[in-house]
J.: 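The structure is given below, and queries will be raised subsequently.
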Amino acid sequence: MTETIPEAEAYIQFRLSVLASRNEHHRFEEIATRIARKRISSNILIATGPVSSGGDQQRDAETYTTRIPDELPHSAGFSASASTAPVVVACTVQQERLKSKVLDDLAGICAEDAEPVSHVAFFSVHAISEGITHDLKKTARETYGVTLDIFCGADIATFLAEPDLVWVARHYLDLPSSLVPPPEGESAPEWYVDLLERLRQNGGPATLTPATQGEVTQGLRFATWDKEANADLPEWLDFMGAFLADSENGEDSEIVFRACYEMAVARFRGMGVAAGVEDLVRRAVVFACRSSHPNVVDDAATLTSYWGTMWLSGVGRAEATEIWEAVERLRGHIVGLVEGTDSSTYPVRSASLTGTLAFLHLMPDWRKAEQKRGQPQRVVVAANVGVKLDELEVDTSALAEDDLVDVDAAMENLERLVELLPRARAYSVRQLGRVFTMFAPLLSEHPSYAKVRDGLDVATAETQGQAATAERCRDRGMAFIRAGKTLEALLELHNAKVNWFNGDTLYGAVLTMRFIGKLFADLELMYAAKMYACAAVALAAAHGDADVKLQLPNALLDAARYSQHTGCWVDAAGLTEVALMARSQYLTDPFDFEKHPDLDNHRMNAAMELSAVQKFWPTLEPLIAEAHYRTGWFDLLTSMVSVPGAEYDMSESEFQQAAAEQLAGPVFGDVGPTRVVDFEALGVRWIFTYRNDRITSWRQKDS
């Protein structure tokens, strides 16, 4: 490492001089700000004024206000490196008259009408002599009452060659990998380091999709809660901020909502600031009030809870009335969603909405709280999602004394919720159960308290106990598979699926259903395999957890593959199209065939099918083409079968004979007025014939 550093510093100084020759002030401004965040104060942001006209008052970057260092004096990460005193960063790439440049910038930064400043950090590409530096520091101290530090090219190169800043040199100055000093040690997990490095190299997210947003979310949340990675939060917020630009017909998309939610939580919980957070909350609430998705309105409820806590702690600027009006709008919207939901048909959706409504009724009336501001209170509000409730000590006694929450409405909704729980196994009670425990002293006198308490406890106990049972069933099932006893394995895996079928453990249920589908396929029971794959799709699509959502495109591809094997090639094409769209949304590098060999195998099978269609049944080719009208999949398949030698050299009868041996049904069994399902498995041949219309086909599938 000691041999690499001098070479890296020399190269960095050279690249800085190139910046100066090209007058790339803005790039140097970004470099200086990155250094200042790590070496001076973590709460520094680039100024937004027009630099060339002096509209930024010579302030290329400056700190925003944070109270965390005072409120949490022994914390680490961002909190330990943030400054409560105002800091300003100024920088220049010019070579001549540097003393005058520094003095002019000081005059603008410390002007009478400018914001107060305590410390000025001046970055210059070119060197300023030691004697002039001392004179400038004395002038700053005696004339303006501020501390001045000056960092020149050599100092900057030293900073940028150090492990935590070398990425800046690689990104902005094209530092070769061979000159990057090896790290002395990494406390962060490998996935975090790799992801952060990739985003730095790319200059942010490559695409604005749920898949890339999911990766950024993972890193942002880690940096929010990890004391070492916390110093990286400004970068993660920049990365997530890119998703705020996504819109549909001039309105925010759900990607924008997700960005608002994650950025608001990270800024408030990880940095302790309300600046910028309140606007994100406002934007998120507007979106949620026109959304019908339970997870969206639930997350919006979390944000309104944070908003109230900001107001209570004094870091928020919004009036209590505005916050309460947002809560009421959200509540009114959810009431409409609940009334429009048939709980007997959609118990999980109904339970989710009802649980969110119960939580909103446990939120203090901030208007009343404002009237009691002068009285001693201990009002702490916990969010339903995303808050580390295990680490909070909450006293809710003041809420009851001051009549700040609607206990009756909250208990009415909680009572309705516990009545739904036996039929809403996919609903997660973990977070709401913790909130109920937190508010137990406030709710204990209510007549429904015992019923709600017991209902939540039973659901929680079932989840925890059933999860352990599911793991044992899974382990026995895998042991049977290793022993070649597939039927016995299926029984155990069915039991594992049932015991994992709960909102808190649904990930295991979805994975198990996909695996059961594979086992049925191995037994040549393709329709059963497809049924389980489609059931996994439905569960993954309805669940809000990102890990469960990742199973959606994979389960869709499973269903398409099983449909291929039944000979239902038009149906398989349609399922493939949906799977491709889901991949582009939920997977990173979704069409990298080396990374996803399952997709590559599916592509090869689809190409062979198309080649047969073009040779033997060309009139059916439009059915395949029409199924792929939204993606370029059909064009890809066409290019593959257009290669010389890709066509079949057998006759149609020979092809049909080969298909009968390899497929679990007749080719294009899903086309024509009559559908034929013909397969043999476990020593029995099954033949079903019925009208090939939508209603009859669905009835057959249901039966």
Side-chain angles (χ1 to χ4, degrees), residues 29-38 40-48 61-69 75-83 87 89 164-165 167-168 171-172 188 192-193 195-208 210 212-246 252 255-284 299 302-303 306-307 310 315-316 386-387 546:
E29 174 186 288
E30 292 183 338
I31 292 172
T33 303
R34 299 293 184 184
I35 295 173
R37 282 179 177 177
K38 291 287 189 179
I40 299 174
S41 181
S42 56
N43 56 323
I44 291 177
L45 294 177
I46 291 179
T48 56
E62 58 187 323
T63 54
Y64 54 85
T65 304
T66 176
R67 299 186 181 189
I68 278 192
S75 58
F78 172 88
S79 307
S81 58
S83 172
V87 178
V89 174
D164 62 334
L165 281 169
W167 74 268
V168 178
H171 179 70
Y172 292 101
Y192 177 86
V193 176
L195 177 59
L196 184 57
E197 177 67 16
R198 175 154 49 88
L199 288 167
R200 286 167 172 172
Q201 291 298 318
N202 294 338
T207 56
L208 301 182
T212 52
Q213 188 177 45
E215 284 193 322
V216 175
T217 296
Q218 191 178 19
L220 178 61
R221 290 185 178 183
F222 183 83
T224 298
W225 302 109
D226 185 83
K227 66 179 182 179
E228 299 297 333
N230 189 252
D232 298 327
L233 261 182
E235 287 181 77
W236 287 109
L237 288 166
D238 287 345
F239 297 148
M240 185 60 77
F243 294 94
L244 294 176
D246 191 68
D252 286 345
I255 283 180
V256 173
F257 173 82
R258 290 286 152 218
C260 289
Y261 175 83
E262 297 297 340
M263 292 175 70
V265 173
R267 286 180 68 84
F268 183 60
R269 295 291 293 178
M271 301 172 75
V273 297
V277 175
E278 292 179 295
D279 286 338
L280 293 171
V281 175
R282 291 185 183 102
R283 192 171 176 179
D299 286 345
T302 297
L303 292 181
Y306 277 131
W307 201 3
M310 292 176 209
V315 299
V387 180

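Just so you know, residue 1 is the first one in the sequence shown, and it goes up from there.
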J.: Quick check: do C260 and V281 have side-chain heavy atoms less than 4.5 Å from each other?
T.: no
J.: Can you name the closest pair of heavy atoms from L165 and R34 and give their distance?
T.: CD2-O, 3.8 Å
J.: Do NZ/NE/NH1/NH2 and the carboxylate oxygens of R37 and E235 come within less than 4.0 Å?
T.: no
J.: Which pair of non-hydrogen atoms, one from F239 and one from P205, has the smallest distance, and what is that distance?
T.: O-CG, 3.4 Å
J.: Rounded to the nearest 0.5 Å, how far does OG1 of T212 lie from CE of M240?
T.: 9.0 Å
J.: Quick one: closest heavy-atom pair of A266 and L220, and the distance?
T.: CB-CD1, 3.6 Å
J.: Could you tell me whether a side-chain N or O of Q213 sits under 3.5 Å from a main-chain N or O of F243, the two making a donor and an acceptor?
T.: no
J.: Does R269 reach the side chain of Y306, with side-chain heavy atoms less than 4.5 Å apart?
T.: yes
J.: To the nearest 0.5 Å, how far apart are CD in E197 and CG in N202?
T.: 10.0 Å
J.: Charged N to carboxylate O under 4.0 angstrom, R258 versus D252?
T.: no
J.: In Å and rounded to the nearest 0.5 Å, what is the OG1 to CH2 distance from T217 to W236?
T.: 9.5 Å
J.: Just so I know, are the side chains of V216 and L199 near enough to count as touching, which here means a heavy-atom distance under 4.5 Å?
T.: yes
J.: Of all the heavy-atom pairs spanning M263 and L237, show the shortest one and how long it is.
T.: CE-O, 3.8 Å
J.: Please test D226 against R221 for salt bridge (charged side-chain N to carboxylate O under 4.0 Å, His left out), starting from the C-alpha separation and ending with a verdict.
T.: CA-CA 8 Å; D226 185 83; R221 290 185 178 183; over 6 Å; no
J.: Y192 vs F222 aromatic rings, parallel, tilted or perpendicular, using cut-offs 30° and 60°?
T.: tilted
J.: Should W307 and V277 count as side-chain neighbours, where that means a heavy-atom distance under 4.5 Å?
T.: no
J.: Give me the ring orientation class for F257 and Y261: parallel if the planes are under 30° apart, tilted from 30 to 60°, perpendicular past 60°.
T.: parallel
J.: Quick check: do L244 and R283 have side-chain heavy atoms less than 4.5 Å from each other?
T.: yes
J.: Using a 4.5 Å cut-off on heavy atoms from C-beta on, say whether the side chain of E278 contacts that of L303.
T.: no
